[in-house]
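Whatever order the structure lists ligands and atoms in, that order sets their numbers, starting from 1.
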Amino acid sequence: MNSETLLARIFTLEPSHSDPTQLVPPTRSLPAGAHTAGAADWDEAEEFVRLHHAEHPDQPTPLLARLHQIRSQIDHSGTYTHTEDELTFGARVAWRNSSRCIGRLYWKSLRVLDRRQATSAEQIHEHLCEHLRQATNGGRIRPVVSVFAPDTPERRAPRVWNDQLIRYAGYRQESGEVIGDPAYVGFTDMVRRLGWQAPGSPWDVLPLVIDTDEDKPQLFDVPRDVVLEVPLIHPEHEHFADLGLRWHAVPAISNMRLRIGGIDYPLAPFNGWYMGTEIGARNLVDADRYNLLPAIAEHLGLNTSSETTLWRDRALVELNIAVLHSFQTAGVKISDHHTESRHFLTHLEKEERQGRTVPADWSWIVPPVSGGITPVFHRYYEQADQRPNFYLDDDAKARGRGGCPFGH
Ligand code: ARG
């Protein structure tokens, strides 16, 4: 027993043997700073509220009064409740602090939907569909986050097992070949075991798995009318359309935990709009995703007999032209990596003028094509874990791949 525990026992007169019948909830007699599942962290709460007041001094409740309220809520229940204003500010700053995101210039415009009251899987599903409607906005994509109930000592927060609200299934054939997105073979197998009737095409939108404290995990289809998709065409190669490629308009990450002021919101799906390279240089191209460069090169009649013809690079550029052109033609917002890189540097300057550092991860910020001809390549960035922020936990990552939900 360490001295802190010993002191805690002396002062709370807790018996040294464990007594399962004890009436005092164990959280009450834990030493200061001990971790309880779902408990809010007071130091982080204080730091967050101070930040909120520093950036928005016009608050209805003065700083010290608000800190007192929070302190007594935590003492009483182990956690506290964010005001709408704190939630909105916290979610926006979590985006501002996301060091892997190149698109942070617009962090202040994030639309925050407060969904903390939703408890049943049905209600959550309805809100997720509404999220996609508001985000899609007929192609004029808006950045949105929906914040569901947090983890508390009383109740485990809801979760969605999918890593994004819209993703395509992957089916491994006996030949070893995959139809659809190979990254989702494990997840597809898992939802099939839960009863999903798989259509079997390369572009089947996966169902959502919604996991609440009230019930076992439930499957829900994402209705067709909330999924905007763009068929890929090329501005010069008329027959490019024959490849039958497409992608969805909205990337909505659903497995990252939003942490604001010492409180965890494990279900807080958020989206922006796409940068073309995410689709044209990764999703459709990575060897462990759709792996389409050989098919595109063949379609374009490129000489693939040697690497030195740079057929991969040529096919890659044509595919990226097709992605940007198709989204623009369909009236769906998308950005290119040159524009987005410049915007990011503008963001850095603006933030520095406010006296804030912009933590950034070079290996995520530099686009996966033409890195050296974008300005973000030619410098280094500060690395820091600033809160509020979004975090990807190992168990959430495993669930998104169809791994065991209980972390085994
Ligand atoms: N790269 C991921 C995808 O292709 C999406 C990540 C978030 N991207 C964004 N533009 N907000 O689906």
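Proximity of the aromatic rings of Y265 and F148 is defined here by a centroid distance below 6.0 angstrom, and this criterion is not met. Aromatic pair H248/Y168: centroids less than 6.0 angstrom apart. If you look at Y381 and W364, their ring centroids are not closer than 6.0 Å.
Atom 12 (O) of ligand 1 has as its closest protein heavy atom R167 NH2, 2.4 Å. Ranking the protein heavy atoms by distance from atom 6 (C) of ligand 1 puts E278 OE1, 3.2 Å first. The protein atom (non-hydrogen) at minimum distance from atom 11 (N) of ligand 1 is G272 N, 3.8 Å.
Listed by number with element, the atoms of ligand 1 under 4.0 angstrom from any heavy atom of W273 are 9 (C), 10 (N), 11 (N). Close approach of ligand 1 to Q164 is summarised as follows: ligand atoms under 4.0 Å from at least one heavy atom of the residue are 2 (C), 3 (C), 5 (C), 12 (O). Each of the atoms 3 (C), 4 (O), 12 (O) of ligand 1 lies under 4.0 Å from some heavy atom of N283.
Within a 6.0 Å radius of CD in E47, other residues, nucleotides and ligands contribute 12 heavy atoms or fewer.
The pair R312-E307 counts as a salt bridge, with a side-chain nitrogen and a carboxylate oxygen less than 4.0 angstrom apart.
Neither side chain, Y171 nor D189, offers a donor N or O lying under 3.5 Å from an acceptor on the other. Side-chain N/O atoms of S77 and T79 include no donor and acceptor closer than 3.5 Å.
An N or O contact shorter than 3.5 Å is missing between W247 and ligand 1 by distance.
For the pair F270 and ligand 1, no heavy-atom separation below 4.0 Å is found. Heavy-atom separations between R282 and ligand 1 are all 4.0 Å or longer.
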